[in-house]
Amino acid sequence: MKIEMTVTFVDGTKEDVDAVFADFVGFERTWQRSVAKFEQELRLTDLAWLAWSALTHRNKTKLKFDPDWIALVENVGIREAGEIPLDSASSDKSNLAKTLPTG
């Protein structure tokens, strides 16, 4: 279980983050709501909290969720499965140049 997201901050920077099992368990404990209900009702606050939780677990923020961290966020978007994360796009291109053609 994973939700791949891109957080866009008000200063224009972007951060790709994946919410994983630990984030979902934390969500259920914090909000007293099951993630199984996301198919019926997924709120903006839910996505934002999951992104914040994932960034916190990866030591990319130490801010409290509300009001500190949330005030810095412009948008939280869900990436499509298989979409290349923004932070690895440049390194992927350089690796492609080093591969030999097949066929």
Side-chain angles (χ1 to χ4, degrees):
M1 178 176 224
K2 175 169 76 168
I3 297 178
E4 299 174 351
M5 297 171 281
T6 299
V7 180
T8 304
F9 295 95
V10 294
D11 67 0
T13 59
K14 294 183 180 189
E15 184 77 39
D16 289 314
V17 64
D18 298 341
V20 295
F21 188 77
D23 303 306
F24 296 119
V25 170
F27 176 90
E28 289 184 341
R29 286 181 177 166
T30 300
W31 299 101
Q32 301 300 308
R33 290 182 41 228
S34 172
V35 296
K37 295 183 180 182
F38 279 175
E39 289 184 17
Q40 299 163 354
E41 180 183 26
L42 182 62
R43 301 175 186 174
L44 290 176
T45 305
D46 301 342
L47 283 178
W49 192 93
L50 288 169
W52 169 82
S53 175
L55 290 170
T56 300
H57 286 137
R58 287 148 192 85
N59 294 317
K60 293 194 174 192
T61 188
K62 295 187 187 293
L63 298 174
K64 290 183 178 184
F65 174 67
D66 191 16
D68 302 331
W69 184 80
I70 201 73
L72 302 176
V73 175
E74 180 179 300
N75 187 46
V76 176
I78 297 175
R79 293 193 321 269
E80 296 295 322
E83 187 175 335
I84 298 173
L86 296 173
D87 58 359
S88 66
S90 60
S91 63
D92 287 347
K93 289 178 185 174
S94 64
N95 288 338
L96 288 175
K98 297 175 187 175
T99 60
L100 296 174
T102 60

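Only heavy atoms go into these numbers, but all of them, side chains included; no hydrogens, no water, no symmetry mates. Starting from 1, each residue takes its place in the sequence as its number.
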* Distance from Phe24 atom CZ to Ser34 atom OG, nearest 0.5 Å? -> 11.0 Å
What side-chain donor-acceptor pairs closer than 3.5 Å can you find for residues 61-73, not counting sequence neighbours?
{"residue": "Thr61", "atom": "OG1", "partner": "Leu63", "partner atom": "N", "Å": "3.2"}

* Do Asp16 and Glu4 come close enough that some side-chain heavy atom pair is under 4.5 Å? -> no
* Structure fact -> Here the salt bridge (Lys or Arg N to Asp or Glu O under 4.0 Å) pairs for residues 39-50, sequence neighbours left out, are Arg33-Asp46, Glu41-Arg43
* Asked: Any donor-acceptor pair under 3.5 Å linking the side chain of Ser53 with the backbone of Trp49?
  -> no
* Members other than Val25 in its cluster, when Ile, Leu, Val, Met, Phe, Trp, Tyr link by side-chain heavy atoms under 4.5 Å? -> Phe21
* Structure fact -> CG of Leu50 to CE of Met5, rounded to nearest 0.5 Å, is 5.5 Å
* Asked: Measuring from Asp23:CG to His57:NE2, what's the distance to the nearest 0.5 Å?
  -> 5.5 Å
* Asked: Is there a donor-acceptor pair under 3.5 Å between the side chain of Arg58 and the backbone N or O of Asp18?
  -> yes
* To do: Check whether Trp31 and Ile3 end up in the same hydrophobic cluster, where Ile, Leu, Val, Met, Phe, Trp and Tyr are linked by side-chain heavy atoms less than 4.5 Å apart.
  => yes
* With sequence neighbours excluded, residues passing side chain to side chain contact (heavy atoms under 4.5 Å, CB included) with Thr13 -> Phe9, Asp11
* Is the shortest heavy-atom distance from the side chain of Leu55 to the side chain of Glu15 under 4.5 Å? -> yes
* Asked: Does the side chain of Thr8 come under 3.5 Å of the side chain of Asn75 through a donor N or O and an acceptor N or O?
  -> no
* Is Val10 reachable from Val76 through a run of I, L, V, M, F, W or Y residues, each pair having side-chain heavy atoms under 4.5 Å apart? -> no
